[in-house]
Amino acid sequence: MDLPLPPVDDADVPRWTAELDLPGLVDVHVHFLPQRMLDKVWAYFDDAETHYGTPWPVQYRLPEEERYAILERLGVLAFAPLTYPHKPGMGEWLTDWAGGFADAHPRAVRTATLYPEPTVVDYLGRAVSDGARMVKVHVQVGGFDPRDPLLRDAWGLLADAGVPAVVHCGDGPIPGEHTGLGIFAEVLAAHPDLRIVLAHAGMPDFRGALELLDRFPNLVLDTTMVGTAFSQRIAPLPPDWPARLAEHPGRIVLGTDFPNIPYAYAEQLAAIAGWAAAEPRLGAAFLRSVLYDAPAALLGVDPVRHAAPGPAAETPRSS
């Protein structure tokens, strides 16, 4: 099929997905947080020129239910609401909060997070037993080493359960003490059964991320902020990016960083559409995989059924 024109704005997204013969979208990288914590995140972005050297106006600075309604209007049928701690004691609290959020919002899947602390296996194990389908790990914000011995059993637990983790371990937008793809590659080598989503496709080390795809078959990349005009200014993609993606079918999944992005949601989708148009081996099949099939399989959900309110939203736990 000929590729439909990419969405020009958020209101145009449902037209685009319908022309791709998709019922909607599945987004593995969305942030919902307790409001007091989210206010602090937004305050940090308000001072982005100090932190990153460029303004970062949060596009969707709205009350929680309005943000959820925007995702509904965009046609996001299932999404992973991600949280992340920055000190001991927060991991369990945020995991419990995320579970409650998912229970109250049919399109959200249950998620968890972690921090290197003696209790991590206990609260992570409970979350997995309760149906968590994604775990968020933020090495840069958390300021911890993912190779910390306190995390060894946590990684093993996730590997055994087959629960994927979205891991922000790249050096973008600013490096941390324990960021860098080489460091996390040691975790992957030690736990080869881990299912890992490399957040932001490893930004800014996109070539390094592609090399990890070659080495680790359970690794996938998410599209979060990748290729947008904002990110191209600070972390441009290599010119052969679309051609390299064609070498890894089914291993790219939609992520956006909604609501904290400094542009409209549709801009991320238009960037992905541009990759599909630039490489003959990608095309519509690539878009359907990235936007729906691959992230739905990763989360283990039937997105249409998941989005329905009430009992129809329930999904079986992963085996």
Side-chain angles (χ1 to χ4, degrees), residues 1-31 54-62 67 70-79 172-173 197-204 206 209 220-246 248-296 303:
M1 63 179 287
D2 292 333
L3 287 179
L5 293 175
V8 297
D9 55 26
D10 284 2
D12 193 35
V13 171
R15 183 274 311 166
W16 182 62
T17 52
E19 291 182 10
L20 286 167
D21 294 326
L22 290 175
L25 304 167
V26 180
D27 191 335
V28 306
H29 195 140
V30 167
H31 293 293
T54 188
W56 190 307
V58 173
Q59 179 79 11
Y60 300 98
R61 192 189 300 246
L62 297 164
R67 285 179 270 126
I70 287 172
L71 292 175
E72 289 185 307
R73 291 196 295 273
L74 286 163
V76 179
L77 299 175
F79 67 89
V197 182
L198 197 58
H200 308 277
M203 183 186 297
F206 299 114
V220 302
L221 309 183
D222 83 22
T223 65
T224 304
M225 299 191 73
V226 178
T228 61
F230 177 87
S231 297
Q232 285 291 88
R233 292 193 298 271
I234 59 176
L237 287 167
D240 62 346
W241 178 251
R244 293 296 307 276
L245 295 186
H248 301 285
R251 298 180 66 190
I252 313 299
V253 296
L254 175 64
T256 62
D257 247 353
F258 177 91
N260 299 329
I261 43 179
Y263 46 77
Y265 193 101
E267 289 192 32
Q268 180 69 78
L269 303 179
I272 299 167
W275 308 337
E279 170 53 57
R281 292 174 293 169
L282 295 180
F286 169 79
L287 292 175
R288 286 192 288 267
S289 174
V290 172
L291 302 173
Y292 189 88
D293 294 335

Take Phe79 and Thr256 through the side chain to side chain contact (heavy atoms under 4.5 Å, CB included) test and state the conclusion after the steps. CA-CA 10 Å; Phe79 67 89; Thr256 62; over 6 Å; no

Minimum side-chain heavy-atom gap [X]-[Y] below 4.5 Å:
X: Trp16; Y: Leu5; value: no
X: Leu221; Y: Val253; value: no
X: Leu254; Y: Ile272; value: yes
X: Leu25; Y: Asp27; value: no
X: Leu282; Y: Pro242; value: yes
X: Tyr60; Y: Leu71; value: no
X: Pro262; Y: Gln59; value: no
X: Leu291; Y: Leu20; value: yes

Distance from [X] atom [atom1] to [Y] atom [atom2], nearest 0.5 Å?
X: Ser289; Y: Arg251; atom1: OG; atom2: CZ; result: 11.5 Å
X: Ile261; Y: Met225; atom1: CD1; atom2: CE; result: 7.5 Å
X: Asp12; Y: Leu74; atom1: CG; atom2: CG; result: 11.0 Å
X: Leu287; Y: Thr17; atom1: CG; atom2: OG1; result: 11.0 Å
X: Gln268; Y: Ser231; atom1: CD; atom2: OG; result: 7.5 Å

Taking every non-hydrogen atom, the tightest pair across Val26 and Pro303: CG2-CG, 3.5 Å

Ring geometry between Tyr263 and Phe230 (parallel below 30°, tilted from 30 to 60°, perpendicular above 60°): tilted

Ring geometry between Tyr265 and Phe258 (parallel below 30°, tilted from 30 to 60°, perpendicular above 60°): perpendicular

Passes side chain to side chain donor-acceptor pair (under 3.5 Å), His29 versus Asp222? Steps please. CA-CA 8 Å; His29 195 140; Asp222 83 22; 2.9 Å; yes

What's the verdict on side chain to side chain donor-acceptor pair (under 3.5 Å) for Thr224 and Asp257, showing C-alpha distance, side-chain angles and the deciding distance? CA-CA 6 Å; Thr224 304; Asp257 247 353; 5.5 Å; no

